[in-house]
Amino acid sequence: MAGNTSVPGATVASRLLAIIAAFDERHRALTLTELAQRANLALPTASRLAGELVAGAALDRRADGRYVIGRLLWEAGLRAPVEGRLKQAAEPFLHDVYAATLATVHLAVRDGPQVLYLERMSGRASVPIVSTVGSRLPLHCTGVGKVLLAHAPKDVERQALANLTRVTPYTITTPNVLVAQLEQIRRDGVATTVEEMSLGACSMAVPVIRASDDTVAAAIGVVVPTLKRDRQRLLGALQVAARGIGRLL
């Protein structure tokens with residue numbers, strides 16, 4: 001649920017935010033009943049507030065009656081500092097990586113205990129994977145996620161180590177093994193996965209280090225069928241792109 005906003009005293013703002021938060025990667029279109037349940041609102045309240053959001057273009061109501069995110073929220077999201085400036089700086093470099101590798105290319109940041117995908121470029125030769133722009137996945141089983149986890153605060157690392165959910169038979173679920181991997185990532189500047197998030201998909205990722213203060217601002221990575229071929233070419237393309245993005249930031 002998006003939060004207990006049906007309790008007495010909940011503000012209108014909190015109820016509106018609960019409706020917006022009801023949408024996520026797996027719930028892109030919701031009926032009014034689903035919207036009310038996920039926002040923990042009474043049906044009449046959800047109907048009234050959803051109608052106001054539709055009138056303001058924050059939500060759209062499709063012909064089948066389902067609600068989806070509207071143009072206003074989409075445009076506002078594009079102006080978010082973390083996404084806007086970073087995506088603008090990274091986009092030409094991501095195109096370069098894709099042109100050099102023909103692999104799926106990701107730009108991601110850490111959002112609490114998860115990795116948030118800001119950009120994804122793929123083509124017909126790319127490996128089918130589950131990530132989409134705006135989706136969130138576990139840190140411990142994705143290439144970009146491991147990079148971000150390796151440079152995350154210790155409390156985030158402890159939280160991740162306590163929640164090593166198994167996604168595929170190859171997901172790392174032993175804390176000591178992951179800790180050793182994170183130490184190596186910090187030392188070598190590169191993370192890899194082998195079918196840990198999706199069967200048939202391997203990934204490689206590097207940090208984007210902001211030149212002004214040497215902090216890790218994001219991670220970029222590629223997803224390929226295997227890392228046994230062209231490993232150095234993939235790494236070189238990612239490192240060149242990461243340095244270019246870091247200088248612009």
Original post:
So do the side chains of I172 and H140 get within less than 4.5 Å of each other, counting heavy atoms only?
Top reply: no

**OP:** Identify, with sequence neighbours excluded, every residue that meets salt bridge (Lys or Arg N to Asp or Glu O under 4.0 Å) alongside R48.
**Re:** E52

Original post:
Side chains of V156 and L139: does their closest heavy-atom pair fall under 4.5 Å?
Top reply: yes

Pairs under 3.5 angstrom only: tabulate donor-acceptor contacts from the side chains of residues 201-215 to other protein residues two or more places apart or in another chain.
{"from": "S203", "atom 1": "OG", "to": "G143", "atom 2": "N", "distance (Å)": "3.2"}
{"from": "S203", "atom 1": "OG", "to": "T193", "atom 2": "OG1", "distance (Å)": "2.4"}
{"from": "R210", "atom 1": "NH1", "to": "T215", "atom 2": "OG1", "distance (Å)": "2.7"}
{"from": "D213", "atom 1": "OD1", "to": "T215", "atom 2": "N", "distance (Å)": "3.1"}
{"from": "D213", "atom 1": "OD1", "to": "T215", "atom 2": "OG1", "distance (Å)": "2.7"}
{"from": "D213", "atom 1": "OD2", "to": "T215", "atom 2": "OG1", "distance (Å)": "3.4"}

Original post:
Is there a side-chain contact between H106 and V115, using heavy atoms and a 4.5 Å cut-off?
Top reply: no

**OP:** Could you check if a side-chain atom of T171 sits within less than 4.5 angstrom of a side-chain atom of T165, using non-hydrogen atoms only?
**Re:** no

**OP:** Please confirm whether the backbone N or O of D111 pairs with a side-chain atom of Q114, one donor and one acceptor, at under 3.5 Å?
**Re:** no

Subject >> Expected output: side-chain T168 to main-chain Y170 donor-acceptor under 3.5 Å >> reply: yes

Original post:
Which distance, rounded to the nearest 0.5 Å, do you find between the CZ of R85 and the CD of Q88?
Top reply: 10.0 Å

Original post:
With a 4.5 Å heavy-atom cut-off, do F93 and L248 have their side chains touching?
Top reply: yes

**OP:** Find out whether T33 and L43 are in side-chain contact, i.e. whether some heavy atom of one side chain is under 4.5 Å from a heavy atom of the other.
**Re:** yes

Subject >> side-chain hydrogen bond (donor to acceptor under 3.5 Å, both in side chains) partners of Q239, counting only residues at least two apart >> reply: none

